[in-house]
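First comes the structure, then the notes that go with it.
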Amino acid sequence: MNFSRGFNNMGSPHLPPENTVGKIMLQVLLALLPGIAAMTWFFGAGILIQIALSVLFAVSLEWAMLKLHGKPVRLFLSDYSAVITAILFALCIPPLAPWWISLIGMIAAIVVAKHLYGGLGQNVFNPAMVAYVVVLIAFPLELTRWLPPRGLAEAELLPGLLQSLQTIFSGHLPVNLSWDAITQATPLDLLKDGVEQNRMISEIRRAPVFGNYGGRGWEWIANFYALGGIWLIWRRVISWHIPVAIIASVIILTLPAWLYDPSSNPIPLEHIFSGALVLGAFFIATDPVTGCASRRGKLIFGLGVALLTLTIRLWGGYPDGVAFAVLLMNMFAPLIDRYTRPRAYGKPR
Amino acid sequence: MAQRPTDNIGKYLHNFPGGLKLRHHKALSCCKPLPARYLPLSTEYCIPVSQHLGQPAEVVVSVGQQVKKGQALSTPGKTGNAPGAFVHAPTSGEITAIEKRPVPHPSGLNSLCIVLQPDGKDRWVELEPVDDYRKLDCDELIQRVQAAGIVGLGGAVFPTDIKLQGTSCLINTLILNGVECEPYISCDETLMKQAPGKIIEGALILCHVFKIEKVIIAIEDPMDVCNLELEQSISEFNAGDCVEVIRVPMLYPEGGERQLIQVLSGHEVPAGQLPISLGILVQNVATVAAIRDAVIDGIPLIERLVTVTGAGIREPQNVHARIGTPIADLVDFCGGYTAGIARLVMGGPLMGLGLRNDQLPIIKASNCVLALTHADITSTQPEMPCINCGNCVSVCPAGLLPQTLQTVIRAENFEALESLNLDACIECGCCDYVCPSHIPLVDYFRYGKGEQRAQAKEKQESDIARLRFERREQRLEKQQAERLARHQRRKRALAGSSSKKDSVAAAIARAKARKQVLAANQPDTNSETGKGENS
Ligand code: SF4
Ligand code: SF4
């Protein structure tokens with residue numbers, strides 16, 4: 001056989017990349033599963049309903065926006081980035097929040113934060129966090145209706161799947177329940193209020209929502225998120241720099257205060273295992289598009305997220321600051337990348 | 001005495017940033033069989049006069065002339081900025097054509113080739129062996145290397161004599177590069193197994209002539225068998241005190257000259273300089289073996305080991321092929337193509353050159369003929385927007401920001417490329433390979449470099465034009481001044497009587513004219529560009 005016919009002589013390299021955007025995002029999805037399962041175990045089926053709703057809205061909106069911009073729909077839907085945005089958002093809102101919360105959130109995320117900025121790869125802000133912050137500011141009441149985690153007495157009252165569906169779609173609880181009876185302040189809420197009232201940490205922590213080192217339930221959820229996150233690092237889907245920078249910075253920044261006065265400052269672990277910190281460290285701040293590209297840049301980005309989160313938690317108006325911190329650091333990411341350029345080979349140090 | 005960068009070379013291994021662990025695919029072809037077989041004579045050889053494109057070379061044979069094996073066909077030529085090398089007849093026969101033909105070159109342009117029809121007798125020219133290389137001095141060695149047409153056989157094909165010429169006696173360490181870091185290629189490993197003695201002897205020749213103190217043979221970690229053979233050969237030559245084999249971990253692109261130096265010495269070759277600035281000379285193992293053949297046996301470089309491999313080849317193996325053999329002949333010798341063949345590459349899968357067809361000749365740079373199948377090359381995803389994942393940054397051995405470079409090139413903002421150090425890119429393809437968005441980064445970089453060069457040339461041309469314009473202005477000025485002076489003289493002569501006032505005015509005019517003439521003769525000192533005459 002003689003191949004004098006033309007070959008396709010494209011430029012090197014001649015091996016196509018093994019990874020694809022879709023594969024990366026799919027692994028992120030997989031890594032979220034343990035955390036989602038834990039969340040559902042502690043807070044009921046509402047979580048799954050919220051995820052389903054957000055994903056539905058996100059994918060429909062993504063489809064519409066792609067059509068509108070004349071982009072290849074199948075290609076971009078199969079990158080799963082909209083699905084990830086939707087799930088991350090759904091994990092941040094209370095399980096029984098009304099359905100329009102996720103609709104509004106997804107409009108903010110997919111239409112505004114993503115496609116108005118130019119679509120995949122062009123957005124400046126993390127879409128899931130934009131969505132969360134928008135609904136948090138616009139609907140503070142709905143966003144504080146967190147449920148008691150399984151294991152607390154009040155949790156016996158938690159509505160089942162059907163009742164959850166009913167609540168989410170009608171906005172009203174079943175007749176035998178009232179929001180006052182079942183909503184529960186999160187550990188971070190209590191901590192913030194308690195510290196502001198100058199109560200002792202040990203006294204605050206006596207509330208049943210606290211667990212061994214974080215919030216009851218929350219600490220386990222965080223463990224499962226961390227599990228997924230570590231798997232992602234092992235699979236080299238994300239690099240270790242951002243998660244490690246965030247967690248290490250939180251520890252280093254809160255340790256002196258705790259050592260100085262353990263009675264009025266929570267132990268560093270408390271900061272890590274409550275709120276969205278672990279989820280944020282492994283899954284939100286590691287969003288490549290809105291983060292830094294170089295390794296040193298990633299470390300600085302992580303430090304910034306930790307610093308801002310703590311600042312907001314301790315002195316800001318909101319009990320948790322991960323979302324705000326990530327959005328603020330998104331603004332700085334290009335700047336950080338600019339100043340952390342690696343040194344090119346052979347150029348003077 | 002100050003510490004030299006080479007003092008601790010090879011004592012500990014260092015890291016270079018980035019790099020890739022790739023699947024090796026070497027077992028496909030390596031040492032099957034050992035020693036590698038020789039290709040039978042082809043019906044026609046087509047020898048490109050230059051391995052680079054565009055530099056003048058002088059053909060010293062004519063159509064119809066009978067030549068013998070090893071006879072010089074062309075010389076590098078006397079002028080030109082791109083260095084050239086001798087080429088020789090791969091066998092005896094008749095020159096049937098000297099014309100432009102397609103050659104394996106990225107430009108895809110045709111290049112001057114000498115076409116040789118073998119007479120089947122394979123008769124050598126008279127060779128001039130050397131009985132004792134210890135009697136050679138620097139110049140004689142370099143002259144021999146040049147006459148044998150030896151170039152870097154690792155793929156760079158830079159003429160070895162020119163590399164050695166810059167060397168003089170500044171070198172204290174010779175690194176023999178046996179790190180074939182690209183997947184599939186196994187010709188250097190095969191050579192190290194079948195003829196380690198040639199490599200060691202070649203190294204000893206260089207050591208002797210250039211007073212080199214230390215030789216390091218760098219091989220990849222998995223090549224432990226050839227380690228044994230090399231060690232054995234080192235002890236045969238009694239060279240144990242200056243030659244050392246060092247195994248470096250398997251990481252692409254460690255075989256790159258600059259990366260290898262970084263791994264062995266921990267030092268980087270400063271930008272814009274050569275390894276000599278560190279006292280290091282790097283040579284590919286095959287090049288050193290060719291130097292040995294040229295010096296001791298007087299044999300010019302007319303053949304090389306070529307790896308013919310890939311899933312597109314029936315019986316992958318290494319073969320000895322003469323320069324000028326059509327690639328199709330190598331493929332036939334190796335059982336032909338398999339059904340799935342989709343792309344033919346000269347070189348490795350990451351930096352090799354895609355070929356349009358297999359009628360092109362083997363050249364000195366051809367270390368590998370790689371036939372890839374559809375399954376190998378088909379991308380699982382079309383190009384997508386950059387998601388800023390930073391994978392490309394973390395694998396880049398040159399410490400660049402491929403994603404930023406890519407955006408800048410896309411925006412045609414070529415001025416920014418210099419500050420982003422595009423010139424340091426070695427086109428290794430690491431970034432391309434890890435990009436989940438399947439952006440053809442290296443294609444962008446090649447394009448960007450081309451544009452950069454074009455702009456530099458444009459600038460140079462406009463500088464020349466400006467200089468020319470300024471010269472012309474000065475010339476006109478000078479003529480004017482001369483005219484004025486003449487005019488003054490004539491006026492004075494007409495006036496007859498030389499009043500004092502007149503003579504002063506004339507003197508001033510003369511002085512002025514002289515000054516202007518002087519200024520016009522020295523355009524460089526007052527031209528705005530500050531460029532020298534040679535620009
Ligand atoms: S091709 Fe250039 S930019 Fe890409 S990894 Fe290699 S040296 Fe770096
Ligand atoms: S690897 Fe590709 S997608 Fe990732 S930052 Fe580099 S160019 Fe962008």
Side-chain angles (χ1 to χ4, degrees), chain A residues 1-25 71-72 75-76 78-79 81 118-123 236-239 241 286-298 333-334 337-338 340-349, chain B residues 17 258 268-273 328 331 336-337 341-345 347 349-359 370 372 376-382 384-391 393-394 397-401 403-404 421 424 427 429 432-438 440 442-443 446:
Chain A
M1 189 158 51
N2 196 337
F3 264 82
S4 46
R5 72 161 169 84
F7 289 108
N8 161 2
N9 65 328
M10 284 173 40
S12 64
H14 305 281
L15 296 179
E18 283 178 338
N19 235 336
T20 63
V21 181
K23 264 191 217 168
I24 288 186
M25 299 289 186
K71 290 188 180 166
L75 171 64
F76 279 97
S78 63
D79 69 26
S81 56
L120 178 73
Q122 300 294 313
N123 47 310
R236 289 170 192 270
V237 172
I238 59 174
S239 71
H241 301 80
T286 51
D287 170 36
V289 177
T290 54
C292 291
S294 69
R295 291 170 217 201
R296 270 191 304 153
K298 283 179 173 157
D337 260 344
R338 219 190 139 76
T340 54
R341 265 186 208 163
R343 186 180 55 85
Y345 183 101
K347 301 279 169 176
R349 272 167 218 277
Chain B
R258 284 163 195 252
E268 291 174 15
V269 182
Q273 294 192 33
V331 174
Y337 298 109
I341 165 102
R343 191 176 294 178
L344 194 63
V345 177
L350 280 122
M351 293 176 83
L353 174 68
L355 301 178
R356 267 173 302 176
N357 62 55
D358 59 10
Q359 298 306 302
L370 176 62
L372 294 167
D376 293 324
I377 62 166
T378 310
S379 183
T380 46
Q381 176 200 279
M384 294 194 49
C386 168
I387 57 167
N388 195 40
C389 63
N391 287 359
V393 182
S394 53
L400 305 182
L401 296 173
Q403 96 282 28
T404 315
N421 298 315
E427 296 178 25
D432 211 305
Y433 185 74
V434 296
C435 177
S437 290
H438 293 210
V442 180
D443 283 345
R446 273 190 284 256

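Lettering of chains follows the sequences in order, A, B, ..., and the numbering in each one begins at 1.
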Interchain contact, B/Thr404 with chain A, by part (heavy-atom threshold 4.5 Å): neither
Full working for side-chain contact (heavy atoms from CB on, under 4.5 Å) between B/Leu353 and A/Ser12: CA-CA 6 Å; B/Leu353 174 68; A/Ser12 64; over 6 Å; no
Contacting moiety of B/Val269, where chain A heavy atoms sit under 4.5 Å: both
B/Val434 and A/Pro17, any side-chain heavy atoms less than 4.5 Å apart: no
Proximity breakdown for A/Lys298 and chain B, heavy-atom pairs closer than 4.5 Å: side chain
Selection from B/Val442, B/Leu370, B/Leu350, B/Asp376 maximising heavy-atom pairs under 4.5 Å formed with chain A: B/Leu350
Heavy-atom proximity to chain A below 4.5 Å, by part of B/Cys389: both
Test item: A/Leu75 and B/Gln381 side chains (from C-beta on) under 4.5 Å apart, heavy atoms: yes
Residue, of B/Gly429, B/Pro385, B/Pro17, that accumulates the most heavy atom pairs under 4.5 Å with chain A: B/Pro385
Under 4.5 Å from any heavy atom of chain B - which part of A/Asn123: neither
Part of B/Leu372 lying under 4.5 Å from any heavy atom of chain A: side chain
Validation row: B/Tyr433, B/Pro349 side chains within 4.5 angstrom (heavy atoms): no
Atom group of A/Ile24 that falls short of 4.5 Å from chain B, counting heavy atoms: side chain
A/Arg295 and B/Ser394, any side-chain heavy atoms less than 4.5 Å apart: yes
Minimal non-hydrogen separation, A/Ala293 against B/Gln403, with atom names: CB-NE2, 3.0 Å
Heavy-atom pair count under 4.5 Å with chain A, highest-scoring of B/Leu400, B/Asn391, B/Asp432: B/Asp432
Over all atoms of both residues, closest heavy-atom pair of B/Asn388 and A/Val289: ND2-O, 3.6 Å
Max heavy-atom pair count under 4.5 Å with chain B, selected residue of A/Gly118, A/Gly121, A/Pro16, A/Ala333: A/Pro16
Atom group of B/Leu401 that falls short of 4.5 Å from chain A, counting heavy atoms: side chain
Beyond-backbone contact of B/Val393 with A/Pro342, side-chain heavy atoms, under 4.5 angstrom: yes
